[in-house]
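Worksheet for the structure shown next.
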There are 2 protein chains.
Amino acid sequence: MTDRPYHHGNLRRVALAATAEAIEAGGGPAALSLREVARRAGVSHAAFKHHFGSKPGLLTALATEGYDLLADALAAAGDDRVEAGVAYVRFAAGHPAHFEVMFQPGLYHADDPGLRAAEERAARALTAVLPDSADQDARLAAWSIVHGFAGLWLSGALPADPGADAGDAARPVISLLTLAP
Amino acid sequence: MTDRPYHHGNLRRVALAATAEAIEAGGGPAALSLREVARRAGVSHAAFKHHFGSKPGLLTALATEGYDLLADALAAAGDDRVEAGVAYVRFAAGHPAHFEVMFQPGLYHADDPGLRAAEERAARALTAVLPDSADQDARLAAWSIVHGFAGLWLSGALPADPGADAGDAARPVISLLTLAP
DNA sequence: TGAGGGAACTTTCCACTGGCAAGATAAGTT
DNA sequence: AACTTATCTTGCCAGTGGAAAGTTCCCTCA
């Protein structure tokens, strides 16, 4: 029918990008349609079965990619605690589809080994910026404040200027949490 | 066919309860099925049209109920800032379906007047416990840390004892955020 | 009392969804 | 060249949300 080649070549990568686009365009992961993603990627809806198994499988891959991207972003932010938090928020605002899926484990296979590994890598990157003396509560407080800000930002609950940078908005807020050195 | 009366009587209330149950039982709002809720409530799937209009309409009602419950919980917690935060987390853990829907505005009609009113009532209850000197950043920090803890708790990202109380777990974490009086 | 009118609910239909099974096509491998 | 495996399509199924039309009930008002 079409002159498009039978074998796509790099469906996996394209499918993940198309999935993120569809989620961002169409109102969250709940409204995601496999067939819509397939249309964007230019393949039939059944093409994903071989690569991802099922819809939860597709979202598992997206969440894994998200944890990898988050770990990279945190590592690139350096040692400063506040700047790492800013990077966390910036990641959420810059990759809303990944972020939303990551923290709704009901959507994917939360016990997938590859996913767990990426998750732990991100958790280590997050803990790395905290002072050695930080106990579990301090770690949770730091994680909570950046995660909460990110979640509120994404849900539109914050009265923000359109076009404002989420990271810049988060910096003074995050700075208010001072942990004992 | 059945001896069940044609008119349900209080479908609206029962439907909301059944919706919350279905969301909590079936893995999040994304997997929610109107027909499943209808089966739980003992009516046909089209019965909701009259009361809620559509699926987003049903979830609008659930979110509104959620904001009302949250405002009540915050008001009942008194003036202490930490205890209000504990109440926030406890609400999220106690009403996960409401909470998850509330902060995914893509699922419902976020501009519904009744919803907006309930939203503002909850926002006022939250601001009421903060010191008068608190500026916007302090307000956001307080909201972020409790909201973040609640979100992480619900997503299962926290290494918690099964059966542990979310509020008790949150108290020492929330206490770490000290705002200038 | 009983007749109209609207509220509450059901039945039926439609386009769409995710998943499965079977087949087609391409790319290696020997 | 023959065989095997990976990749993708077509065709099908039960289940979904929504619209349209019909049914049952309640409530008001003469």
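Sequence lines set the chain letters: A, B, ... in the order given, protein chains first and strands last, and positions in each chain run from 1. Keep in mind that what you see is a predicted model, and the values were worked out from it rather than measured.
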Donor-acceptor contact present, side-chain A/D112 to main-chain A/L115, <3.5 Å: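 Yes, the answer is positive, given that a donor and an acceptor are paired below the 3.5 Å cut-off.
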Are the side chain of A/T64 and the backbone N or O of A/G114 linked by a donor-acceptor pair below 3.5 Å?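 Checked: no pair found.
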Distance in angstrom units between [X] [atom1] and [N] [atom2], rounded:
X      : N      : atom1 : atom2 : answer
A/L32  : D/dT16 : CG    : P     : 18 Å
B/R35  : C/dT12 : CZ    : P     : 13 Å
A/L11  : D/dC8  : CG    : P     : 5 Å
B/R12  : C/dC9  : CZ    : P     : 12 Å
B/Y108 : D/dG17 : OH    : C1'   : 21 Å
B/H45  : C/dC14 : NE2   : P     : 14 Å
B/H50  : C/dT10 : NE2   : P     : 13 Å

Ignoring backbone atoms, establish whether [X] has a side-chain N or O less than 4.0 Å from OP1 or OP2 of [N].
X     : N      : value
B/S33 : D/dG15 : no
B/K49 : C/dC9  : no
A/R39 : C/dT17 : yes

Return the 5'-most residue of the pair A/E36, A/G53 with respect to DNA chain C, ranking by each residue's nearest nucleotide.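 Nearest-nucleotide comparison on DNA chain C picks A/E36.
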Pair B/F91 + B/H95: ring centers closer than 6.0 Å: yes
Need one value for B/L58: base, sugar-phosphate or nothing, where a base atom within 4.0 Å counts as base even if backbone is also close, heavy atoms only.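 Answer is nothing: B/L58 stays at 4.0 Å or more from every strand.
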Given [options], the nucleotide with the shortest approach to the side chain of [X]:
X     : options               : result
B/L34 : C/dG18, D/dC8, D/dG17 : D/dG17
A/A46 : C/dA21, D/dG18, D/dC8 : C/dA21
B/H51 : C/dT10, D/dT16, C/dC9 : C/dC9

Taking side chain as C-beta onward, heavy atoms only, is B/R121 less than 4.5 Å from B/Y67?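 When only atoms from C-beta onward are counted, B/Y67 and B/R121 do not touch, as no gap falls below 4.5 Å.
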Between B/R171 and B/D165, does any NZ, NE, NH1 or NH2 come within less than 4.0 Å of an OD or OE carboxylate oxygen?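 So B/D165 does not pair with B/R171 through a salt bridge.
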